[in-house]
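Taking it in order: structure first as structure tokens, then the write-up.
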Amino acid sequence: MIRQRLFRYAVYRNMFLSFILLTAAMIALVTVVLYMMFSWSTAKEVGKISESMLKQNSAVSSVIRDQVYNVGNLLLSDKEIVNALLDKEADPVKQYGVFGTLNRVQSTYPFIHSIGIYNGSNNTYLNTKGITKEQEKALLEEINSKNTSYFHLFPRKISTATSASANRSEDVLTFVLLPSYYSPLSSKGAIVINMSTDTIQDLIGGYRNEAVDSLHVIDDKGTIITHSDRSRFMENVSQESYVQSILESDAESGYFTRSIDGRKSLVTYVKSKDMNWTYISVSQYQNLLFNMQALRTSALVLALACFVVSMFLSIWLTHHAYNPIRHLLEKMSTIPKMKENRRQINEFAILDTTYAEMTEKMKSMESEASVARQAHVLQLLKGGDETAFRRLAREGKGPYFLAVVLLLDSLDGSPGGEDEDLQSYSSAAVAQAAQQMLEPEGASVATVGDGTIAIILPMKQSRLPLHVVGMLEELQGEMLSTLRVSVTVGIGTAAQTYEELRESFDCAQSCFQQRFFAGKGRMFHGDPVNTAESEHSEAQYPDKREKRIIEAIKLQQRDKLEKEIDQWIKEIRDYNYHEVMFFINQFIGGLYKQLNVHTVKNRESADLFLDFTRRITRFQTLQETADALKDLALRLCSLSEESGAVRHAEVVDFIQMYVRKHYARPDMSLEQVAGEVKLSRSYVGKLFKAHCELSFNDYLNAVRLEKARELLASTEESVQSISEQVGILNTTYFYTLFKKHYQISPAQFRSQHAIETKKAQ
């Protein structure tokens with residue numbers, strides 16, 4: 001069963017292999033970590049033990065130094081020795097007596113190889129081993145050149161005569177005592193004490209164990225004084241890295257690991273306080289653990305045992321983890337066919353295909369349900385059939401129903417200026433968001449016109465719940481932040497009958513007349529009493545203000561013109577929507593007549609009036625209407641000038657100069673420049689684009705990028721600093737603009753400019 005699943009089902013096989021690899025990796029990791037920790041701990045303990053042993057071993061230097069001093073003091077207390085050092089005639093009788101004294105002293109100290117007396121005054125040298133003055137010539141010359149201290153040490157090889165009359169070389173440490181340093185003896189006299197290195201090696205060799213590969217002593221120059229390998233006597237090892245580390249260290253003792261002759265080794269050292277000797281032991285790392293092979297074997301056996309256990313555990317985990325997928329696959333009708341046709345089965349591919357098919361079916365059903373829901377709402381609000389309302393009431397979501405209307409405000413701030421495809425997309429997005437947000441409340445949503453979305457909301461009470469008001473406000477904020485679409489909400493009155501629901505819908509739509517005066521992106525509650533249009537006993541048109549406006553146009557008084565239009569708007573604000581629209585049409589007619597626009601010479605002015613009348617019904621707020629009237633009046637004012645073209649050129653030249661002078665201001669905008677030339681924003685934008693063949697923002701960005709390019713080439717300042725200096729505070733946006741304009745990043749431009757400058761030099 002398990003074998004069949006491993007070879008047949010891809011998911012089962014992948015799960016099993018994943019468990020096996022995971023457990024194997026964990027076992028290997030734990031085994032390696034434990035082995036390394038044990039090895040490191042053992043090496044640390046061995047290092048401490050070796051350091052302690054070497055500290056005991058270093059006492060040998062003190063013993064040797066003390067014994068040499070004792071021998072020297074013993075000889076200097078003997079009269080014959082002193083006379084021999086002072087004798088200037090080289091008396092043979094005296095020399096014989098001295099020779100006997102030296103032999104007695106040597107027999108007392110068995111570790112001494114030989115003792116010699118040198119008298120520089122008569123140039124004689126006596127030695128207990130029969131070593132002649134000629135054989136010690138090099139040593140005696142060095143003795144004559146030194147008198148800076150009492151004690152001197154010379155590791156060297158000496159030749160001695162054997163019974164077979166042959167010479168053999170021996171390794172000795174020669175200690176030279178210069179009595180003249182402390183006494184009035186001749187400065188050319190010296191006591192020479194030779195100590196065999198075998199004696200020293202015997203003294204320190206007892207501290208060596210099986211783990212230590214070499215145990216040796218060096219002086220402060222790196223010369224070997226004694227070594228477990230006797231052939232390395234007097235070898236200079238100062239160039240060895242581990243020796244350099246020891247000589248450069250200020251510590252009196254320590255240990256460390258180092259690769260020596262291609263093998264990892266543990267080096268332990270102790271520096272003698274009495275003599276300039278350093279005791280060093282070197283042990284191969286692999287020899288520190290005497291049972292290393294057994295430890296490795298045990299660790300490997302344990303790891304294999306754990307791996308075998310993990311295999312059985314992986315089979316058990318895979319079997320239980322695979323059960324949900326197996327049960328799901330067994331419920332699919334496609335599995336039996338695939339078992340017959342295919343040897344191997346990929347369960348995830350089957351699940352993915354089935355899920356895709358189910359998703360397509362659900363989307364189709366959801367789309368059909370959405371169409372049916374919208375048709376139901378349209379039938380309720382515009383169809384005039386009470387049957388749909390009775391069906392809605394039977395669903396038990398009432399007993400009250402409320403009509404809510406969402407109106408998309410213009411996207412770019414100009415009336416009727418939106419792209420139809422963009423407006424359609426925005427309407428669909430707002431309708432979808434409203435459906436998802438209000439669906440828990442049982443709401444039905446449908447698009448009932450261009451940019452108009454209707455909602456039928458069932459309620460348990462006649463008043464709109466506060467949490468629903470919060471949902472609508474949240475919807476407004478979300479659309480504004482994500483789609484940058486302003487949404488005005490109109491809320492009708494509660495209804496219990498079909499006719500009342502239609503009235504609620506009309507009441508909600510009438511709220512948009514309030515938007516004309518209050519502004520966009522708000523929420524208005526309709527009330528039949530308050531929404532009834534106010535009856536004015538006498539609607540008086542501000543004809544005097546109209547005359548002033550016409551006069552200002554004719555006299556080219558732009559500042560006065562804007563103020564007069566603001567006052568005219570203020571005087572008509574208190575009337576209802578229809579009266580205000582009537583006054584606006586009357587005002588346009590008055591301008592058309594008084595400015596003689598209907599003549600053939602003023603064809604361009606006539607086109608302005610025609611365009612305005614076409615757009616007048618699209619104005620969504622009174623402020624938009626006022627701005628459009630100002631724009632119309634200012635354009636009429638410009639057209640009435642005798643040299644209109646010259647005026648346009650002057651305006652554009654002024655704007656270009658203004659931008660080049662104030663480009664570093666982050667708040668530079670088309671509105672600000674329009675204020676400087678006393679023209680409307682839209683008019684200045686179109687005028688600038690007509691003359692320069694690019695928009696104001698594109699020109700401003702071009703000027704800023706040109707200045708930034710100059711700063712990048714001439715300074716070392718950061719890109720962020722340069723971006724701020726040219727008025728672009730957002731560094732990321734500056735990078736995007738620069739690369740779009742010059743096809744390279746600021747950093748690449750600076751590098752290329754530096755290379756070109758260097759080549760030019």
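It should be emphasised that the depicted structure is a prediction, and the values quoted were computed from it without experimental measurement. Sequence positions, counted from 1, serve as the residue numbers for this chain.
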Subject >> Atom NZ of K560: over 12 foreign heavy atoms under 6.0 Å >> reply: yes

Subject >> Salt bridge present between K570 and D566 (N-O < 4.0 angstrom) >> reply: no

Subject >> Distance-only side-chain donor-acceptor flag, Q514 / Y577, under 3.5 Å >> reply: no

Subject >> Shortest non-hydrogen separation from L711 to T715 and the atoms involved >> reply: O-OG1, 2.5 Å

Subject >> Atom pair NE2 (H741) and OG1 (T736), whose distance is rounded to the nearest 0.5 Å >> reply: 14.5 Å

**OP:** Check for a donor-acceptor pair, side chain of S723 on one end and backbone N or O of V719 on the other, with a separation under 3.5 Å.
**Re:** no

Original post:
Taking all atoms of both residues into account, what is the closest heavy-atom pair of L670 and G685, and its distance?
Top reply: CD2-CA, 3.9 Å

Original post:
Would a 4.5 Å heavy-atom cut-off, applied to side chains only, mark R704 and M668 as touching?
Top reply: yes

Original post:
With side chains defined as the heavy atoms from C-beta onward, is the minimum distance between L480 and V487 less than 4.5 Å?
Top reply: no

Subject >> Minimum side-chain heavy-atom gap I616-T625 below 4.5 Å >> reply: no

**OP:** Say whether, by atom type as modelled, one donor and one acceptor occur between the side chain of E500 and the main chain of Q496 under 3.5 angstrom.
**Re:** yes

Subject >> Between Y658 and Q672, a side-chain donor and acceptor under 3.5 Å >> reply: yes

**OP:** Measure centre to centre between the rings of F587 and F583, then say whether the value is under 6.0 Å.
**Re:** no

**OP:** Provide the closest heavy-atom pair for G451 versus S427 in the form atom of the first, atom of the second, distance.
**Re:** CA-OG, 3.5 Å

Original post:
Could you go step by step and tell me if F654 and E676 meet the side-chain contact (heavy atoms from CB on, under 4.5 Å) rule?
Top reply: CA-CA 9 Å; F654 174 84; E676 292 292 330; 3.9 Å; yes

Original post:
Quick check: are there more than 12 heavy atoms from other residues, nucleotides or ligands sitting under 6.0 Å from CG of L729?
Top reply: yes

Subject >> Spacing of CG belonging to D631 relative to CZ belonging to F612, to within rounding of 0.5 Å >> reply: 9.0 Å

Subject >> Flag side-chain contact, heavy atom, 4.5 Å: Y733 against I728 >> reply: yes

Original post:
Would a distance-only check, ignoring hydrogens and angles, find a side-chain to backbone donor-acceptor pair under 3.5 Å from E571 to W568?
Top reply: no

**OP:** Check whether any side-chain heavy atom of M437 lies under 4.5 Å from a side-chain heavy atom of L472, and answer yes or no.
**Re:** no

Original post:
How far apart are the C-alpha atoms of I655 and V651, what are their side-chain angles, what is the distance that settles it, and do they pass the side-chain contact (heavy atoms from CB on, under 4.5 Å) test?
Top reply: CA-CA 6 Å; I655 293 174; V651 170; 3.9 Å; yes

Original post:
Step by step, would you call D611 with R615 a salt bridge (Lys or Arg N to Asp or Glu O under 4.0 Å)?
Top reply: CA-CA 6 Å; D611 180 65; R615 297 185 297 123; 3.1 Å; yes

Original post:
Got a second to check how far F696's CZ is from N701's CG, nearest 0.5 Å?
Top reply: 9.5 Å

Original post:
Under the 3.5 angstrom rule, does the side chain of S504 hit a backbone N or O of T493 as a donor-acceptor pair?
Top reply: yes

Original post:
Can you check whether G521's main-chain N or O pairs, donor with acceptor, with T488's side chain at less than 3.5 Å?
Top reply: yes

Original post:
How many angstroms lie between CD1 in I549 and NZ in K630, if you round to the nearest 0.5 Å?
Top reply: 10.5 Å

Subject >> Side chains of Y541 and F582 in contact at under 4.5 Å (non-hydrogen atoms) >> reply: no

Subject >> Euclidean distance, I456 CD1 relative to L402 CG, rounded to 0.5 Å >> reply: 10.0 Å

Original post:
Less than 4.0 Å between a side-chain N and a carboxylate O, is that true for R681 and E671?
Top reply: yes

Original post:
At their closest point, which heavy atom of F619 faces which heavy atom of A628, and how far apart are they?
Top reply: CZ-CB, 3.4 Å

**OP:** Apply the test side-chain contact (heavy atoms from CB on, under 4.5 Å) to residues F734 and Q720: give CA-CA distance (whole Å), side-chain angles for both, the deciding distance (0.1 Å), then the verdict.
**Re:** CA-CA 9 Å; F734 173 76; Q720 180 179 0; over 6 Å; no

Original post:
In Å, rounded to the nearest 0.5 Å, how long is the span from NZ of K593 to CG of L591?
Top reply: 12.5 Å

Subject >> Ionic contact status for E624 with K520, cut-off 4.0 Å >> reply: yes

Subject >> Residue pair L438 / I455: nearest heavy atoms and the distance that separates them >> reply: CD1-CD1, 3.8 Å

Original post:
If you measure from the Lys or Arg side-chain nitrogens to the Asp or Glu carboxylate oxygens, is any gap between D409 and R515 under 4.0 Å?
Top reply: yes

**OP:** For residues A495 and L501, report the shortest heavy-atom separation together with the two atoms involved.
**Re:** CB-N, 3.3 Å

Subject >> Check: I744 and K739 side chains under 4.5 Å, non-hydrogen atoms >> reply: no

Original post:
Any donor-acceptor pair under 3.5 Å linking the side chain of S481 with the backbone of E478?
Top reply: yes

Original post:
Is any side-chain N of the basic residue among K563 and D559 closer than 4.0 Å to the acidic one's carboxylate O?
Top reply: no

**OP:** Please assess L632 against I588 for the test side-chain contact (heavy atoms from CB on, under 4.5 Å), listing each intermediate value before the final yes or no.
**Re:** CA-CA 10 Å; L632 175 63; I588 295 301; 3.7 Å; yes

Original post:
Out of E693, Q656, K689, which one pairs with Y699 under the side chain to side chain contact (heavy atoms under 4.5 Å, CB included) rule?
Top reply: Q656

**OP:** Would you kindly say whether E717 and Q725 are connected by a side-chain donor-acceptor distance under 3.5 Å?
**Re:** yes

Subject >> Side chains of T452 and V405 in contact at under 4.5 Å (non-hydrogen atoms) >> reply: yes

